[in-house]
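Let me begin by presenting the structure, written as structure tokens, before commenting on it.
Residue indices begin at 1 and follow the sequence shown.
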Amino acid sequence: WDSIFEANPQLMLERGEKVTLPPLLIMQGGLDDNVPPAMQEKFANAWRAAGGKVRYELFEGCEHEWIATPGHVTLVREEDGAIIACVSLKRTGDEAYLGMLTTKPTLQARGLGRAMVRAAEAWAATHWGARAVHMTVIVQRPELVAWYVRLGYSETGERQPFPYGDERFGLPKRPDLEFTVLRKVLG
């Protein structure tokens, strides 16, 4: 057990040991219960205090090692060294599930969302050979459903229940939420 403590990077920094400090990018899942966000933030702060450069990005709704899960990919758009948009893809057979499309609120209405969806579609087709992309959108957001329809998606007629009690989906303020499934054939 002593060797575990000797080789612990956090403790090495706290002890002031001389270590090489390459630039780091930490992409932390907000729901990570193995290495909680507070622990990663503490490590990032210790790295900076020791003279290293680190960029810490928190992705709410993501679990431990979410970025390394086979069949999952997150596409990121940066501007001036900051993440301004991202989208997640999950391989589902010969299709891909698109989710977690996010753009920085102050930069919305610039076409970032549209560009990220197009990039995700191209990535899924090129790397996975996906024939189609599907997603779920909250029915109570008709303007969002309409936005995806303008991008070529169609409602399938399938509905899915909202996962009440699952913190990854936030804390709903109404009891009638449900998802509609949208799909777009690629090519």
Side-chain angles (χ1 to χ4, degrees), residues 25 27-32 37 55-63 65-187:
L25 169 61
M27 299 176 74
Q28 174 71 36
L31 297 177
D32 191 336
R55 188 164 133 210
Y56 174 83
E57 297 286 345
L58 180 66
F59 289 82
E60 294 295 345
C62 294
E63 298 172 348
E65 292 192 354
W66 61 277
I67 200 150
T69 304
H72 286 108
V73 66
T74 299
L75 305 179
V76 175
R77 172 92 181 260
E78 293 183 314
E79 190 172 276
D80 297 326
I83 293 176
I84 60 169
C86 65
V87 64
S88 177
L89 286 170
K90 178 180 180 183
R91 190 176 198 169
T92 58
D94 63 353
E95 295 193 8
Y97 176 82
L98 185 148
M100 306 235 343
L101 174 63
T102 307
T103 61
K104 187 174 180 179
T106 57
L107 299 177
Q108 289 180 349
R110 283 185 21 179
L112 284 172
R114 178 182 305 270
M116 294 304 291
V117 170
R118 297 289 188 244
E121 293 167 353
W123 199 98
T126 301
H127 295 278
W128 292 335
R131 297 181 312 110
V133 173
H134 62 278
M135 67 182 71
T136 54
V137 179
I138 293 183
V139 172
Q140 289 78 3
R141 295 279 317 276
E143 74 286 356
L144 187 56
V145 172
W147 186 79
Y148 283 111
V149 167
R150 289 192 302 274
L151 294 182
Y153 288 81
S154 301
E155 288 192 73
T156 65
E158 181 185 349
R159 299 290 172 106
Q160 294 180 0
F162 186 87
Y164 288 97
D166 186 337
E167 291 181 5
R168 293 178 300 165
F169 293 87
L171 300 172
K173 298 186 191 274
R174 51 191 289 180
D176 63 336
L177 298 176
E178 68 176 337
F179 292 110
T180 183
V181 176
L182 302 176
R183 185 172 183 267
K184 178 180 179 179
V185 175
L186 301 176

(request) Taking K184 for its side chain and L151 for its backbone only, find out whether a donor-acceptor pair lies under 3.5 Å. (result) yes
(message) One pair to check against side-chain contact (heavy atoms from CB on, under 4.5 Å): R55 and E78. What are the steps and the verdict?
(response) CA-CA 12 Å; R55 188 164 133 210; E78 293 183 314; 2.4 Å; yes
(request) Decide whether T136 and Q160 meet the rule of one side-chain donor and one side-chain acceptor closer than 3.5 Å. (result) no
(request) State the CD-CG distance between Q140 and D176, to the nearest 0.5 angstrom. (result) 5.0 Å
(request) Output the distance between atom OH (Y148) and atom CZ (R114), rounded to the nearest 0.5 Å. (result) 11.5 Å
(message) Could you report the tightest heavy-atom contact between I84 and R110, atom names first, then the distance?
(response) CD1-NH2, 4.4 Å
(message) What's the separation between atom CG in L112 and atom CG in L107, rounded to the nearest 0.5 Å?
(response) 6.0 Å
(request) Check whether any side-chain heavy atom of V133 sits under 4.5 Å from a side-chain heavy atom of L186, and report yes or no. (result) yes
(request) Using atom types as modelled and distance alone, determine if a side-chain donor or acceptor of Y164 lies under 3.5 Å from a backbone N or O of L177. (result) yes
(request) Would you mind checking if R183 and E95 are paired as a salt bridge, meaning a charged N to carboxylate O distance below 4.0 Å? (result) yes
(request) Look at the side chain of R91 and the backbone N and O of W128, then say whether any donor-acceptor pair between them is shorter than 3.5 Å. (result) yes
(request) Measure across L89 and A120 and return the closest heavy-atom pair with its distance rounded to 0.1 Å. (result) CD1-O, 3.4 Å
(message) Give me the atom names and distance for the closest heavy-atom approach of Y153 to M135.
(response) CE2-CE, 3.5 Å
(request) Mind checking the CZ-CZ spacing from F179 to R141? Nearest 0.5 Å is all I need. (result) 11.5 Å
(message) Please report the interatomic distance CG(L101) to OG(S88), rounded to the nearest 0.5 Å.
(response) 10.5 Å
(request) Specify the closest pair of heavy atoms between T103 and A85, including all atoms of both residues, with the distance to one decimal. (result) CG2-CB, 3.9 Å
(message) To the nearest 0.5 Å, what is the distance between CE on M116 and CG on L75?
(response) 5.5 Å
(request) Please name the pair of heavy atoms, one in P172 and one in F162, separated by the smallest distance, quoted to 0.1 Å. (result) CG-CE2, 3.7 Å
(request) Compare all side-chain heavy atoms of P37 with those of Q28 and state whether any distance is below 4.5 angstrom. (result) yes
(message) I need the minimum non-hydrogen distance between T180 and V139, along with the two atoms involved.
(response) N-CG2, 3.7 Å
(request) Answer whether the closest heavy-atom distance between the side chains of W147 and V145 falls below 4.5 Å. (result) no
